[in-house]
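Below is one structure, written out as structure tokens; comments come after it.
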Amino acid sequence: MKAVTCTAPVNIAVIKYWGKRDTDLILPTNSSISVTLSQDILHSKTTISTSPEFSQDRLWLNGIEEDITKNKRMHNCFRETRAIRKEMEEKAELAGSPIEKLSTYPVHVCSENNFPTAAGLASSASGLAALVYTLSQLYELTISTSELSRIARQGSGSACRSLFGGFVAWEMGQKKDGSDSLAVQIAPETHWPELEALICVVSDAKKGTSSTAGMQSTIKTSPLMNERINHVVPARMEQMTKAILDKDFQSFAELTMRDSNQFHAVCLDTYPPIFYLNDTSRAIMQLIHEYNATSQDGKLKAAYTYDAGPNAVIYAPKENMAEIIQLIGHYFPSNKESTAFFADPYQVVNG
Ligand code: DP6
């Protein structure tokens with residue numbers, strides 16, 4: 001038996017991925033950019049074992065066995081990594097130094113998150129990234145991280161960005177087979193250590209509309225989405241890349257908030273509309289704008305962003321974080337009895 005364990009981090013997009021041009025290969029309708037958060041606080045941990053003695057592929061998620069036969073996306077990741085391993089096995093055989101035919105054995109996968117899955121954080125991104133990375137280590141694949149991201153993408157779109165630390169772009173690509181739809185690192189985690197992220201858990205309820213279903217409904221029904229895909233995001237990709245490389249928090253913060261707002265605007269423009277934000281999410285947005293308005297020199301001090309759920313992620317320079325945590329604690333005291341209010345926020349440094 002051979003077994004390998006690896007972890008993968010969560011990433012939070014600052015230019016959002018929303019919409020697929022191919023739902024099987026998971027090819028997006030626009031490029032996106034994210035920041036990978038520190039693994040110390042949030043990560044998915046996956047152990048994969050393989051043996052000729054195993055009778056079938058099996059999967060345990062947070063200790064509970066799931067029916068893997070229904071998980072097409074996971075199968076795609078198995079198929080792709082096994083195909084590369086098989087090629088290696090065939091080459092080794094031809095060269096006269098055969099290697100173990102691991103590609104023919106079933107696998108047992110055990111995956112868990114070190115944060116509550118119910119908190120509505122990006123668990124599919126870290127989970128699928130951990131799966132693909134662990135498979136690559138198990139099979140000793142010698143492919144680049146971007147090439148591996150092409151496989152993780154087929155598990156969950158946002159997972160391709162979690163294979164890199166730091167600041168990451170998922171280039172949408174143009175090809176029909178998806179071979180150019182890959183993640184690339186814009187800058188490593190050491191590039192901008194002053195930037196921090198604060199995750200505020202507003203609600204731990206499971207989201208009503210899954211991202212997978214929601215984004216296709218937006219594609220079909222939202223006229224605003226055309227403007228976003230064709231004009232807004234292409235310009236923002238360039239501006240955001242520059243802001244990150246220049247460590248320009250002003251541009252980074254404004255683009256981050258505008259892009260989160262437009263993502264939720266296209267959700268509202270979807271018919272019937274999709275609501276991910278709640279009153280607390282909107283109150284936090286307002287608080288951050290009011291906090292920014294108190295700035296002496298007119299410079300932004302913090303930025304919010306929201307994925308497909310009500311939980312806020314606040315990006316800010318380290319020097320402002322203590323003040324922000326105090327403000328949020330003041331206006332939104334933790335109230336464990338009310339689901340509308342905060343659990344204790346995590347403080348997360350990118351990396
Ligand atoms: C709002 O990656 O979860 O978080 O590809 O269908 O698995 P699938 O969707 P998923 O969508 C994430 C959407 C988002 C924005 C983002 O992370 O870029």
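Worth knowing before you read on, the calculation uses all heavy atoms, side chains too, and leaves out hydrogens, waters and symmetry mates. Sequence positions, counted from 1, serve as the residue numbers for this chain. If you're wondering where the values come from, they're calculated on a predicted model, not measured in any experiment. Whatever order the structure lists ligands and atoms in, that order sets their numbers, starting from 1.
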Please identify which atoms of ligand 1 are closer than 4.0 Å to at least one heavy atom of [X].
X	answer
T212	6 (O), 8 (P)
S124	3 (O)
R73	6 (O), 7 (O), 8 (P)
A13	16 (C), 17 (O), 18 (O)
I26	5 (O)
K20	5 (O), 6 (O), 8 (P)
S211	3 (O), 11 (O)

For [X] and ligand 1, does the shortest N/O to N/O distance drop below 3.5 Å?
X	value
K16	no
G157	yes
S32	no
N11	no

Basic-acidic side-chain contact under 4.0 Å: R58, D67 = no

Give every residue pair that meets the ring-ring contact (aromatic ring centres under 6.0 Å, His included) criterion with at least one member in residues 308-327, sequence neighbours excluded.
-> F252-Y315

So is F263 close enough to ligand 1, meaning a heavy atom under 4.0 angstrom away?
-> yes

Using non-hydrogen atoms of the residue, decide whether M215 is closer than 4.0 angstrom to ligand 1.
-> yes

Check: W60 and V109 side chains under 4.5 Å, non-hydrogen atoms = no

Beyond-backbone contact of T23 with Q216, side-chain heavy atoms, under 4.5 angstrom | yes

For the residue pair [Y] / [X], report whether a side-chain donor-acceptor contact shorter than 3.5 Å exists.
X	Y	result
R161	S34	yes
S44	E112	no
D248	S251	yes
Y304	N261	yes

Taking heavy atoms and a distance under 4.0 Å, where does [X] meet ligand 1: side chain, backbone, both or neither?
X	answer
S156	both
S158	both
I12	neither

Could you walk me through whether T29 and I219 pass the side-chain contact (heavy atoms from CB on, under 4.5 Å) test, one step at a time?
-> CA-CA 9 Å; T29 46; I219 289 277; 3.6 Å; yes

Kindly write out the residues that satisfy side-chain contact (heavy atoms from CB on, under 4.5 Å) with A183, not counting sequence neighbours, or none if the list is empty.
-> S149, C160, F164, V168

